[in-house]
Amino acid sequence: MKVRIVNKSGFELPAYATGMSAGMDLKAFIDAPVVIAPLERFLVPTGIYIELPDGYEAQIRPRSGLASKYGITVANAPGTVDADYRGEIKVALVNLSKEEYVLNPGERVAQMVVSRYTRVEWEECEVLGETVRGEGGFGSTGKI
C-alpha cells in the first residue's frame, strides 16, 4: 500500500528495520538535546506528515529498548493518528524513571504501526449473550 508522506525532518523516511517488522521508527526532530526529568512529559516533533487512506490508522507505540532500559515510554500508548489528520506527527514521551533522560536530535523515540480498522455500529440491547467467563475481569483468569 502506498501512503503519501511529507518529510520536513531531513532524516530518512520511517522504514521497517527487518523484513518482518510491524513498526517503523520515528525520530526526534529537535535542534538540540532536551532533558526530560523524572515524571516529566515532552511532546517530540518528528517532522513527519502522512495521508492515510480511509479505514486506516497509525498507532504510535513505545520502543521496547527505551522503555526497558531507561523508563522512557509513550504517555498515551498507543497514540492514534487518524486518517483525516494532516498535521505533524508528534510523540508524547514520558520519563517514568528516577533519572533525567537526555533526548538527542535524530534519536529514535517511538514506533509507528499502520493498521486497518473497522468502524462499529452500536446495537442497543438489555442483555448480552452469556459466556463461560461472564463478568470476570482483572485477574479473573489466573496469574499463569
_When you compare the side chain of I5 with that of P14, does any pair of heavy atoms fall below 4.5 Å?_
yes

*asked:* Are L66 and E107 packed together at the side-chain level, in the sense that at least one heavy-atom pair is separated by less than 4.5 angstrom?
replied: yes

*Output yes when a side-chain donor or acceptor of D82 lies under 3.5 Å from a complementary backbone atom of D84, and no otherwise.*
no

_Can you confirm whether R63 sits close enough to D25 that some side-chain heavy atom of one is under 4.5 Å from a side-chain heavy atom of the other?_
yes

*Looking only at non-hydrogen atoms, find the nearest pair between N76 and A92 and report the distance.*
OD1-CB, 3.8 Å

_Is it the case that the side chain of R133 and the backbone of E130 share a donor-acceptor pair, with hydrogens and angles ignored and the cut-off at 3.5 Å?_
no

_Give me the atom names and distance for the closest heavy-atom approach of R116 to D54._
NH1-O, 4.2 Å

*Atom OH of Y56 and atom CE of M1: how far apart are they, to the nearest 0.5 Å?*
5.0 Å

*Of the non-hydrogen atoms in K8 and F29, which two are nearest, and what is the gap between them?*
O-CZ, 3.2 Å

*Does CZ in R41 sit with more than 12 non-hydrogen atoms of other residues, nucleotides or ligands closer than 6.0 Å?*
no

*Heavy-atom closest pair, residues V35 and E40*: O-OE1, 3.4 Å

*Indicate yes or no: at least one non-hydrogen side-chain atom of L43 is less than 4.5 angstrom from one of V91.*
no

*Fit a plane to each ring of Y70 and Y101, take the angle between them on a 0 to 90° scale, and name the class: parallel (under 30°), tilted (30 to 60°) or perpendicular (over 60°).*
tilted

*May I ask you to decide if G23's main-chain N or O and S21's side chain share a donor-acceptor pair within less than 3.5 Å?*
no

_Set out, in order, the CA-CA distance, both residues' side-chain angles and the distance that settles side chain to side chain contact (heavy atoms under 4.5 Å, CB included) for I50 and I89, then state yes or no._
CA-CA 8 Å; I50 60 176; I89 294 175; 3.8 Å; yes

*What heavy-atom pair brings P105 and P33 nearest, and what distance separates the two atoms?*
CD-N, 3.9 Å

*Heavy-atom check, side chain of I48 versus side chain of V6, under 4.5 Å*: no

*Do you know which two heavy atoms are closest between L52 and V3, and how far apart they sit?*
CD2-CG1, 4.0 Å

*With a 4.5 Å heavy-atom cut-off, do L103 and V109 have their side chains touching?*
yes

*Is a side-chain donor or acceptor of T73 paired with a backbone partner of A67 at a separation under 3.5 angstrom?*
no

*Salt bridge between K27 and E12, side-chain N to carboxylate O under 4.0 Å?*
yes

